[in-house]
Visitor: 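Here you go, one structure.
Please read these numbers as outputs of a predicted model, since none were measured by experiment. Throughout, protein chains are lettered first and strands after them, A, B, ... in sequence-line order, and every chain is numbered starting at 1.
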2 protein chains.
Amino acid sequence: MQDYEARLEHMLSRLREGGQRITPQRLAILRILASSEGHPSVEEIYNVVTRDFPTTSLATVYKTITLLKELGEVLELEFSQGSNRYDGSKPFPHPHVVCTSCKSIVDPDLESLGAMTAEVCEQTGYKVVNHRMDFYGLCPECQKEKE
Amino acid sequence: MQDYEARLEHMLSRLREGGQRITPQRLAILRILASSEGHPSVEEIYNVVTRDFPTTSLATVYKTITLLKELGEVLELEFSQGSNRYDGSKPFPHPHVVCTSCKSIVDPDLESLGAMTAEVCEQTGYKVVNHRMDFYGLCPECQKEKE
DNA sequence: TTTTCTGCAAATGCTTTGCATGGGA
DNA sequence: TCCCATGCAAAGCATTTGCAGAAAA
């Protein structure tokens, strides 16, 4: 990821702008979110951070993520069963394609997204500002294994 | 809803097929889900059911819904903050438009959905079998109130 | 009569909060 | 030094579970 450095710097700037302090724990959390490999959960972030800072608490991870959500610098994928997942490298709504077998996630680039959003607004009268779009299925690898 | 009767009968049949008993509480819950006005939460279902059966417990509502989920006769919309919502009249994946203010939910009928799913498959190679598609925004009513 | 379902209460799992202490700036 | 952030523990919520009594079939 060559975008990683830029994302990290951007997040740090946003925190500083808001008069927030850059603590070692926060820096460690930001590093993980800036790359967002595998759309980590709070638990996963916590497990990585505590390698370097063993006393870090889950509460601190939650508080830092709450802060970043307020700044619009992290995307939260909500799941009512199981934990939420986070994407700090692309902190804006975008579609995900999730493999139901190996849990891999890819981000498709859908031409028809704009047209669909327009169709929603026109048909319902809602002023759409956000979306959650997940497709579930078998990735190419897992399709082969099922044969 | 002229489909309401048919949906209710279908759900009852599925329960009977599975050797499940039709209790007054279950019947009341099925009635609400078969019409699914407003994509009710467990709390909302509970509030209605207890009008006729005041001793009904939340646990019974949860257990009945779990049963219907296993039969594929209700669609669960998961939300990690706030309660889940349920659709028993259209128990298959379909797009929803959610008002971020009053929490109302409507079902748009999107022409472009098929094309988008095809685009996802073509671009990623995944075999898509399911989706979660929510649009968030202000409903017409809540737009007026904000003026 | 035989199971199964109900309803209460306790338990669970994720997340948030309160507060005293510690550590950035 | 002055606050803000941390970390612990407790609280909050939605949901699930265990079990004794109630009620379908």
Side-chain angles (χ1 to χ4, degrees), chain A residues 11-33 39-71 73-86, chain B residues 11-33 39-71 74-86 103:
Chain A
M11 290 169 130
L12 288 170
S13 303
R14 294 297 308 280
L15 285 183
R16 281 191 270 256
E17 278 171 25
Q20 303 292 337
R21 290 174 183 170
I22 311 301
T23 65
Q25 293 91 333
R26 284 185 174 175
L27 184 56
I29 294 166
L30 292 199
R31 282 191 202 286
I32 295 165
L33 286 172
H39 300 71
S41 64
V42 164
E43 194 75 27
E44 288 164 351
I45 294 170
Y46 172 76
N47 288 335
V48 175
V49 172
T50 49
R51 284 186 214 145
D52 291 330
F53 304 96
T55 66
T56 306
S57 68
L58 268 174
T60 295
V61 180
Y62 276 108
K63 283 167 183 168
T64 301
I65 285 177
T66 299
L67 193 58
L68 291 170
K69 278 196 292 182
E70 286 166 359
L71 293 171
E73 293 299 329
V74 70
L75 178 72
E76 183 177 53
L77 290 177
E78 297 185 35
F79 295 99
S80 78
Q81 39 189 75
S83 329
N84 292 344
R85 308 277 292 269
Y86 298 89
Chain B
M11 290 168 131
L12 288 171
S13 304
R14 294 297 309 281
L15 285 182
R16 281 191 271 255
E17 278 170 26
Q20 303 292 336
R21 291 175 182 171
I22 310 301
T23 65
Q25 294 91 333
R26 283 184 174 175
L27 185 56
I29 294 166
L30 291 198
R31 281 190 202 287
I32 295 164
L33 287 172
H39 301 73
S41 64
V42 164
E43 193 75 30
E44 287 164 351
I45 294 170
Y46 172 77
N47 288 335
V48 174
V49 172
T50 49
R51 284 187 214 146
D52 291 330
F53 304 96
T55 66
T56 305
S57 69
L58 269 175
T60 294
V61 181
Y62 276 108
K63 283 166 183 168
T64 301
I65 285 176
T66 299
L67 194 57
L68 292 170
K69 276 196 292 181
E70 286 165 0
L71 293 171
V74 70
L75 178 72
E76 183 176 53
L77 291 178
E78 296 185 35
F79 296 99
S80 78
Q81 39 191 79
S83 327
N84 292 346
R85 308 276 291 264
Y86 298 89
K103 312 299 178 195

Visitor: Under a 3.5 Å distance rule, please check whether Gln25(B) uses its side chain to pair with a backbone N or O of Thr56(B) as donor and acceptor.
Guide: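 A pair under 3.5 Å: no.
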Visitor: Contact list please: residues 55-63 of chain A against DNA chain D, heavy atoms, distance less than 4.0 Å, in numerical order.
Guide: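 The answer is Thr55(A), Thr56(A), Ser57(A), Ala59(A), Thr60(A), Lys63(A).
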Visitor: Applying a 4.0 Å non-hydrogen cut-off, can you work out what Gln81(B) is touching in the nucleic acid: base, sugar-phosphate, or nothing?
Guide: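 Nothing, no nucleic acid heavy atom in range.
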Visitor: With sugar-phosphate meaning primed atoms plus P, OP1 and OP2, does Glu43(B) contact a base, only sugar-phosphate, or nothing at under 4.0 Å between heavy atoms?
Guide: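 It contacts nothing in the nucleic acid.
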Visitor: With the side chain counted from C-beta on, respond yes when Leu15(B) and Leu30(B) share a heavy-atom pair under 4.5 Å apart, and no when they do not.
Guide: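 When only atoms from C-beta onward are counted, Leu30(B) and Leu15(B) do touch, with a gap below 4.5 Å.
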Visitor: Tell me which residues in residues 47-54 of chain B put a heavy atom below 4.0 Å from DNA chain C, sorted by number, or none.
Guide: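 Those residues whose heavy atoms fall under 4.0 Å from DNA chain C, taken from residues 47-54 of chain B, amount to none.
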Visitor: Return whichever of Glu76(A) or Gln25(B) has its heavy-atom-nearest nucleotide of DNA chain C closer to the 5' end.
Guide: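 Its nearest nucleotide lies further toward 5', so the answer is Gln25(B).
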Visitor: For Glu73(A), give me all partners under side chain to side chain donor-acceptor pair (under 3.5 Å), at least two apart in sequence or on another chain.
Guide: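 Partners of Glu73(A) by the side chain to side chain donor-acceptor pair (under 3.5 Å) criterion, ordered by chain and then number, come out as Arg7(A), His10(A), Arg14(A).
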Visitor: Locate the shortest heavy-atom distance separating Phe79(A) from Arg85(A); write the atom from each residue and the value.
Guide: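 Shortest heavy-atom separation between Phe79(A) and Arg85(A) comes out as CE1-CG, 3.7 Å.
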Visitor: Using a 3.5 Å distance criterion without hydrogens, assess whether the side chain of Arg26(B) forms a donor-acceptor pair with backbone atoms of Arg21(B).
Guide: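 Yes: the side chain of Arg26(B) pairs with the backbone of Arg21(B).
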Visitor: Just to confirm, is there a sub-4.0 Å distance from OP1 or OP2 of dA14(D) to any side-chain nitrogen or oxygen of Ser80(A)?
Guide: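 Answer is no, no contact under 4.0 Å.
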Visitor: With a 4.0 Å cutoff (strictly under), does any side-chain N or O of Gln20(B) reach OP1 or OP2 of dT4(C)?
Guide: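 No, Gln20(B) has no side-chain N/O under 4.0 Å of OP1/OP2 on dT4(C).
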Visitor: If you pin Phe79(B) and Ile22(B) to their nearest nucleotides in DNA chain D, which one's is more 5'?
Guide: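 The answer here is Phe79(B).
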Visitor: I'd like to know if Arg21(A) reaches the base of dC4(D) with its side chain such that a donor and an acceptor end up less than 3.5 angstrom apart.
Guide: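 Check passes, donor-acceptor contact within cut-off.
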Visitor: Given dA14(D), dA25(C), dT15(C), identify the nucleotide with an atom nearest to the side chain of Asn84(A).
Guide: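 That would be dT15(C).
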Visitor: Please walk me through it: do Thr60(A) and Val49(A) pass side chain to side chain contact (heavy atoms under 4.5 Å, CB included)?
Guide: CA-CA 11 Å; Thr60(A) 295; Val49(A) 172; over 6 Å; no
Visitor: Drop me the distance from Ile65(B)'s CD1 to Asn84(B)'s CG, to the nearest 0.5 angstrom.
Guide: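 These two atoms lie 9.0 Å from each other.
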Visitor: Do Tyr86(A) and His39(A) make a side-chain contact, defined as non-hydrogen atoms from C-beta onward lying under 4.5 Å apart?
Guide: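 Side-chain contact under 4.5 Å: no.
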Visitor: May I have the distance from Leu27(B) (atom CG) to dC5(C) (atom P), rounded to whole angstrom?
Guide: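 Checked: the CG to P distance equals 15 Å.
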